[in-house]
Amino acid sequence: MAANNLRQIPLTCSGHTRPVVHLDFSDICDSGYFLISACKDGSPMLRHGDTGDWVGTFEGHKGAVWNATLNRNATLAASGAADFTGKVWNAVTGAEIHSFQHKHIVKSVAFDMDSENIVTGSNEKLVRVFNLEQPEAQPEEYAGHTGAIKRALFCRGDKCIISAAEDKTVRLWDRMTGIEVQRLQFNSNPNSLEISSDNHILTIAHGSSISFWEIDTLKKLKEVKVPTNVASASLHPDKHVFVCGGEDFKMYKFDYITGNEIESFKGHFGPVHSVKFSPDGELYASGSEDGTLRLWQTTVGKTYGLWKCTEPTDLGNSISSPREVQAN
């Protein structure tokens, strides 16, 4: 049961036929904000972020899609897949713009701030940067990880790249020199990396812990233990709470300041693979092995998107039953 007697009723977004393994939101644009989902069915989907309404499907991959992302203003999408490609799409028309060939499964894709480059991470244990203005040019390449790359992101004003791999490390690469400049070592493989909306905090999910790091120094700010092996964690834009999910099918919300659990509830019918806050912080999305993605309210009972708060008007009913949020 969520706080204040209101029941959390998620919006369930169907349409995928296999596990949903990664989610990403755009920033807030002229027409709201958007959500993209990566799925093992090979077809990334674009949705309106506040309602989950389907906008379109990107068709062209010939294998499971492991990662999908949007640029800030939702004009471009990128996806990495088991067909050994990283693709860039026009997010308005759905047309494929670029396809970058790799020698193994592409597990991670991300745009830089100006959408001029994408960074990919693959099972080749390499991180690469492709220039979208000069797609035929040789990519920047960063070698040193001894396991498959799980996630790679631009950081520090796009001057660096941070990557997590199945070698129990997170590494920072300087793009000017091409060399590794810092390394974080963990007891288990880091599963997710997220940079906060103000670009100050790095959130890492590893084992049954979530740790938070200052992005400019990689100094550890705090670490919170959670009750399950966690696949993904996301920090609210105001940095007061974070959410996470993993092997036990549950969604967890924690107080970032104190590290205390605020609430948890059965979120899915399979392990949770990805969680992400919306850019306005009003909701968070989760993707699961069960083939669905779900949208959850940050503040249960708020009228937002497709949620409207209904007070029982019939007094006879309202005495015995708590208020509920109806998901239309």
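Ile215 and Ile201 fall into different hydrophobic clusters, where Ile, Leu, Val, Met, Phe, Trp and Tyr side chains are chained together by heavy-atom contacts under 4.5 Å. In the hydrophobic cluster analysis, where Ile, Leu, Val, Met, Phe, Trp and Tyr join through side-chain heavy atoms closer than 4.5 angstrom, Phe84 is grouped apart from Val65. Taken together through direct or relayed side-chain contacts under 4.5 Å among Ile, Leu, Val, Met, Phe, Trp and Tyr, Val20 and Leu35 form part of one hydrophobic cluster. Hydrophobic clustering of Ile, Leu, Val, Met, Phe, Trp and Tyr side chains at less than 4.5 Å, counting indirect connections, keeps Leu153 apart from Val129. In the hydrophobic clustering of this structure, Val241 groups with Val272; members are Ile, Leu, Val, Met, Phe, Trp, Tyr whose side-chain heavy atoms approach within less than 4.5 Å, directly or through other members.
Side-chain N or O atoms of Trp173 include none that pairs as donor or acceptor with a backbone N or O of Ser163 at under 3.5 Å. Under the 3.5 Å distance criterion, the side-chain polar atoms of Asp114 are left unmatched by any main-chain donor or acceptor of Glu116. A side-chain donor-acceptor contact under 3.5 Å links Asp41 to the backbone of Thr17. Under a 3.5 Å cut-off, the side chain of Asp112 and the backbone N or O of Phe154 do not form any donor-acceptor pair. Side chain of Asp24 to main chain of Leu70: a donor-acceptor pair is present (N/O by atom type, distance under 3.5 Å, no hydrogens or angles). No side-chain donor-acceptor contact under 3.5 Å links Thr203 to the backbone of Ala233. One N or O on the side chain of Ser278 and one on the backbone of Leu283 form a donor-acceptor pair closer than 3.5 Å. In this structure, Gln297 contributes its side chain and Lys302 its backbone to a donor-acceptor pair below 3.5 Å. No donor-acceptor pair closer than 3.5 Å links the side chain of Glu141 to the backbone N or O of Leu126.
Considering only heavy atoms from C-beta on, Arg175 comes within 4.5 Å of Tyr142 through its side chain. Within the 4.5 Å cutoff, no side-chain heavy atoms of Phe269 are placed close to those of Ser288. A 4.5 Å side-chain heavy-atom check between Met176 and Lys159 finds every atom pair outside the cut-off. The closest side-chain heavy-atom distance from Val109 to Trp66 is not below 4.5 Å. Counting heavy atoms from C-beta on, the side chains of Lys107 and His22 never come closer than 4.5 Å. Under the 4.5 Å side-chain criterion, counting only non-hydrogen atoms from C-beta, Leu293 is not in contact with Met45. You'll find the side chain of Val88 reaches within 4.5 Å of the side chain of Phe100, heavy atoms only. The side-chain heavy atoms of Phe58 and Ile36, taken from C-beta on, include a pair separated by under 4.5 Å.
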Walk me through whether Lys87 and Glu96 qualify under salt bridge (charged side-chain N to carboxylate O under 4.0 Å, His left out). CA-CA 7 Å; Lys87 292 185 187 288; Glu96 182 181 310; 3.3 Å; yes
Tell me, with the steps shown, if Leu11 and Trp307 meet side-chain contact (heavy atoms from CB on, under 4.5 Å). CA-CA 9 Å; Leu11 303 175; Trp307 289 278; 3.5 Å; yes
Under the criterion side-chain contact (heavy atoms from CB on, under 4.5 Å), I'd like the reasoning laid out for Ser211 against Phe186: C-alpha separation, chi angles, the key distance, then a yes or no. CA-CA 10 Å; Ser211 55; Phe186 297 93; 3.9 Å; yes
Derivation of the side-chain contact (heavy atoms from CB on, under 4.5 Å) call for Asp50 and Asp280: CA-CA 10 Å; Asp50 57 343; Asp280 61 5; over 6 Å; no
Please evaluate residues His61 and Asp83 with respect to the criterion side-chain hydrogen bond (donor to acceptor under 3.5 Å, both in side chains), reporting the C-alpha separation (whole Å), side-chain torsions for both, the decisive distance (0.1 Å), and the verdict. CA-CA 7 Å; His61 277 298; Asp83 60 9; 3.0 Å; yes
After noting the C-alpha distance and the side-chain angles of Arg294 and Met251, does the key distance pass the side-chain contact (heavy atoms from CB on, under 4.5 Å) rule? CA-CA 11 Å; Arg294 299 183 190 210; Met251 297 294 296; over 6 Å; no
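Annotation: the span from Leu193 atom CG to Leu184 atom CG amounts to 9.5 Å, rounded to 0.5 Å. In this structure, OG in Ser192 is found 6.5 Å from CD1 in Ile210, a value given to the nearest 0.5 Å. To the nearest 0.5 Å, the span separating CG on Asp238 from NE2 on His240 amounts to 5.0 Å. Atoms CZ and CG, from Phe34 and Asp27 in turn, are 12.5 Å apart once rounded to the nearest 0.5 Å. Atoms NE2 and CG, from His98 and Asn90 in turn, are 10.5 Å apart once rounded to the nearest 0.5 Å. Between the CZ atom of Phe254 and the OG atom of Ser264 there is a distance of 8.0 Å, given to the nearest 0.5 Å.
In summary, the side chains of Arg151 and Ser108 do present a donor paired with an acceptor at a separation below 3.5 Å, with no hydrogens or angles considered. A donor-acceptor contact closer than 3.5 angstrom is absent between the side chains of Asn191 and Asn189. The closest side-chain donor-acceptor pair between Glu59 and Thr57, if any, does not fall under 3.5 angstrom. For Thr298 and His236, the side-chain atoms include no donor-acceptor pair closer than 3.5 Å.
Residue Ser115 comes nearest to Leu132 through the heavy atom pair O-CD1, 3.5 Å, listed as atom of the first residue, atom of the second, then distance.
Aromatic ring pairs are classed by plane angle as parallel below 30°, tilted from 30° to 60° and perpendicular above 60°; the pair Trp296 and His268 is perpendicular.
Using a cutoff of 4.0 Å between basic side-chain nitrogens and carboxylate oxygens, Asp167 and Lys125 are not scored as salt-bridged.
Within 6.0 Å of CD on Gln185 lie more than 12 heavy atoms contributed by other residues, nucleotides or ligands.
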For residues 242-250, which side-chain donor-acceptor pairs fall under 3.5 Å, sequence neighbours excluded?
unit_1 : atom_1 : unit_2 : atom_2 : d
Asp248 : OD1    : Lys250 : N      : 3.1
Asp248 : OD2    : Tyr252 : OH     : 2.5

